[in-house]
**Q** 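Starting off with a structure, shown below.
Quick note: numbers below take in every heavy atom, side chains included, and nothing from hydrogens, waters or symmetry partners. Chain letters run A, B, ... following the sequence lines, proteins first, then strands; residues in each count from 1. Keep in mind it's a predicted model, so treat the numbers as computed, not measured.
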Protein chains: 2
Amino acid sequence: MAMAHSTPRMSADERRRVAVRVAMSEFAKGGYYGTSTEAIARRVGVSQPYLFRLFPNKRALFKAAAELCFTRTTETFVRVADGLYGEEALEAMGQAYSELIVDRELLLMQMQLYVTAGGSDDEDVVAYVREGWTGMWETVRELSGASSEELDEFFSRGMLINVLVALGVPGDNQCWAAFDEYSKAAATQAVARGAADGLPDGAAETGSP
Amino acid sequence: MAMAHSTPRMSADERRRVAVRVAMSEFAKGGYYGTSTEAIARRVGVSQPYLFRLFPNKRALFKAAAELCFTRTTETFVRVADGLYGEEALEAMGQAYSELIVDRELLLMQMQLYVTAGGSDDEDVVAYVREGWTGMWETVRELSGASSEELDEFFSRGMLINVLVALGVPGDNQCWAAFDEYSKAAATQAVARGAADGLPDGAAETGSP
DNA sequence: GCCATAAGTTATTACTCAATAACTTTCGCC
DNA sequence: GGCGAAAGTTATTGAGTAATAACTTATGGC
């Protein structure tokens, strides 16, 4: 007599992919410790113990979410830099990044990873995230062929945007004064989306890329 | 028959100050959810329930730690910029920041605050951290009289350093290539200190400033 | 149409953690 | 020297929480 058509059964792999997307979204908000497997399972539409058949433990789920986070970013860079070189490529990636973090979850998960790695004494996690970061740097360097100074500026800018968007600093604040209109517009959109909460939470997880 | 000379009794205010320092250190590592009041109390040298006589709840303790984090940074800026103007002041603050984050706890607590605020739907916390940030920005602007572009560069740089140090990216990595020797040296020192763990943890909490 | 396998569940455990209540010890001051 | 307030403790509770075990239900290939 259980509700019949709740979730129409998926292959384990498919379910795992959904779980990783949901996990990223939840870990982004609450971090590793602030997120319960229960909360993730509920949004996946599955019982909590079943998560542990899909993943050996919570940490593995977190790691998978971390990988998704890096993969999405890197893949976006590769896509938008296609056919471009030098500063043009770099600019395209910069714009793409601004648009990418309109999805606030990706942004927050990134920051969550940095701080989790920074505070962890599990050398495994630290190394994993560090490699994700340096890999991202290397990708941008290869795609653009930019100099150290240009790369430095690129990533510096990115990290500042992260903080401003995370904190929801409004677009007319002086912190945004030096940004070009395009980045500011995209980033402010992310801020606005952050403000519009009371979020029903379960909107996008079935929509693939 | 309890061990007699464990902790020589302090005024509540004094004990509170110690607790805030310890709390910052612990929250920096584990974040809000990853840190137990038990762990804090132990390092303070006090029973866990007594913490709740010093602070109404865990959140208040976190807020106090957040304030300490911002205060330390801002005060350092004010101190080193004394008598300087324009780019000189900005440079002095930049150097000071590099040295400041040799104390890894301050750095991690900062990042912890940004991500906590970003993921929280408690508008109270969000506003508090955002004001801390914009206050810091305003302080640097007033002390240096720098342009938007200069301020942007200053804070961008700072946020990148945060991530590199948090992740423990080694000084010979290309990510550091565009940094001047001084910043790199200071920051790398912070990285090294991060690597030297198995930390006895209870070293510095009685030392005041 | 059946049955092995894969997808999924309920029940439960052993622990951790914030917070409260009620009690005890020490200090400073008259 | 004693008493009142301030500093501090032990005991406890009630609500989560990651993970395990044992059981149930659907599906697809033959």
**Q** Strictly under 4.0 angstrom, non-hydrogen atoms only: write out the protein contact profile of nucleotides 21-30 of chain D, one letter per nucleotide from the 5' end, B, S or -.
**A** BB--BS----
**Q** Do B:Arg130 and B:Glu123 meet the salt-bridge criterion of a basic N to acidic O distance under 4.0 Å?
**A**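 Salt bridge flag = yes for B:Arg130 with B:Glu123.
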**Q** B:Leu54 CG to C:dA19 P: how many Å, rounded?
**A**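 Those two atoms, CG and P, are 14 Å apart.
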**Q** Just to confirm, is there a sub-4.0 Å distance from OP1 or OP2 of C:dG8 to any side-chain nitrogen or oxygen of A:Arg15?
**A**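 True: A:Arg15 side-chain N/O within range (under 4.0 Å) of C:dG8 OP1/OP2.
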**Q** Could you tell me whether A:Trp133 and A:Phe70 have their ring centroids closer than 6.0 angstrom?
**A**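 Ring centres of A:Phe70 and A:Trp133 not closer than 6.0 Å.
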**Q** Atom OG of A:Ser36 and atom NZ of A:Lys58: how far apart are they, to the nearest 0.5 Å?
**A**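 Taking OG in A:Ser36 and NZ in A:Lys58, the distance rounds to 7.0 Å.
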**Q** Whether A:Arg157 engages the ring of A:Phe179 as a cation-pi pair (distance to the six-membered ring centre under 6.0 angstrom, angle to the ring normal within 45°) should be assessed.
**A**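 Ring-cation test returns yes.
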**Q** Expressed in angstrom and rounded to an integer, what is the separation of B:Leu51 atom CG from D:dG8 atom P?
**A**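 So the two atoms are 11 Å apart, to the nearest Å.
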**Q** Measure from CD on A:Glu14 to C1' on C:dG8 and round the result to the nearest Å.
**A**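 Distance, rounded to whole Å: 15 Å.
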**Q** Return the orientation label for the B:Phe62 and B:Tyr32 ring planes: parallel under 30°, perpendicular over 60°, tilted otherwise.
**A**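 Judged by the thresholds at 30° and 60°, the geometry between B:Phe62 and B:Tyr32 is perpendicular.
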**Q** Between A:Tyr50 (OH) and C:dA6 (P), how many Å, whole number?
**A**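 Checked: the OH to P distance equals 11 Å.
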**Q** Answer yes or no: is there a donor N or O on one side and an acceptor on the other, between the side chain of A:Arg16 and the main chain of A:Leu54, under 3.5 Å?
**A**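 The answer is yes, because a donor-acceptor pair under 3.5 Å joins these two groups.
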**Q** Taking it one step at a time, do B:Lys29 and B:Glu26 satisfy salt bridge (Lys or Arg N to Asp or Glu O under 4.0 Å)?
**A** CA-CA 5 Å; B:Lys29 278 184 256 168; B:Glu26 289 292 317; 3.7 Å; yes
**Q** Rounded to whole angstrom units, what separation is found between the CZ atom of B:Arg42 and the C1' atom of C:dC17?
**A**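 In whole Å, C:dC17 C1' and B:Arg42 CZ are 12 Å from each other.
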**Q** Measure CD1/A:Ile40 against P/D:dA19 and give the value in whole Å, please.
**A**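 Taking atom P of D:dA19 as the reference, CD1 of A:Ile40 is at 11 Å.
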**Q** Please figure out whether A:Asn57 or B:Ala12 has its closest DNA chain D nucleotide nearer the 5' end.
**A**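 That would be B:Ala12.
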**Q** Considering only heavy atoms and no angle criterion, is a donor-acceptor pair shorter than 3.5 Å present between the side chain of A:Glu38 and the base of D:dA18?
**A**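 Side chain to base: no pair below 3.5 Å.
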**Q** Given axes from five pairs at either end, by how many degrees does the helix from C:dG1-D:dC30 to C:dC30-D:dG1 bend, rounded to 10°?
**A**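 The value is 10°.
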**Q** With a 6.0 Å cut-off on the ring centroids, do A:Trp137 and A:Phe154 count as close?
**A**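 Ring-ring flag for A:Trp137/A:Phe154: false, centres at least 6.0 Å apart.
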**Q** Using whole Å, what does the distance between atom P of nucleotide C:dA7 and atom CZ of A:Phe55 come to?
**A**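 Between P of C:dA7 and CZ of A:Phe55: 13 Å.
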**Q** Have a look at B:Ser47 and say if it touches a base, only the backbone sugar-phosphate, or nothing, with a 4.0 Å heavy-atom cut-off.
**A**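 If one applies the 4.0 Å heavy-atom cut-off, B:Ser47 turns out to touch a base.
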**Q** Under 3.5 Å, is there a donor-acceptor pair between the A:Asn162 and A:Tyr97 side chains?
**A**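 There is such a pair (donor and acceptor under 3.5 Å, judged by atom type) between the side chains of A:Asn162 and A:Tyr97.
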**Q** In whole Å, what is the span from the CG atom of B:Asp13 to the P atom of D:dA7?
**A**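 Value for this atom pair: 8 Å.
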**Q** Does B:Thr37 place a side-chain N or O at less than 4.0 Å from the phosphate oxygens OP1/OP2 of C:dA18?
**A**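 Answer yes for this pair, as a side-chain N or O of B:Thr37 is under 4.0 Å from OP1 or OP2.
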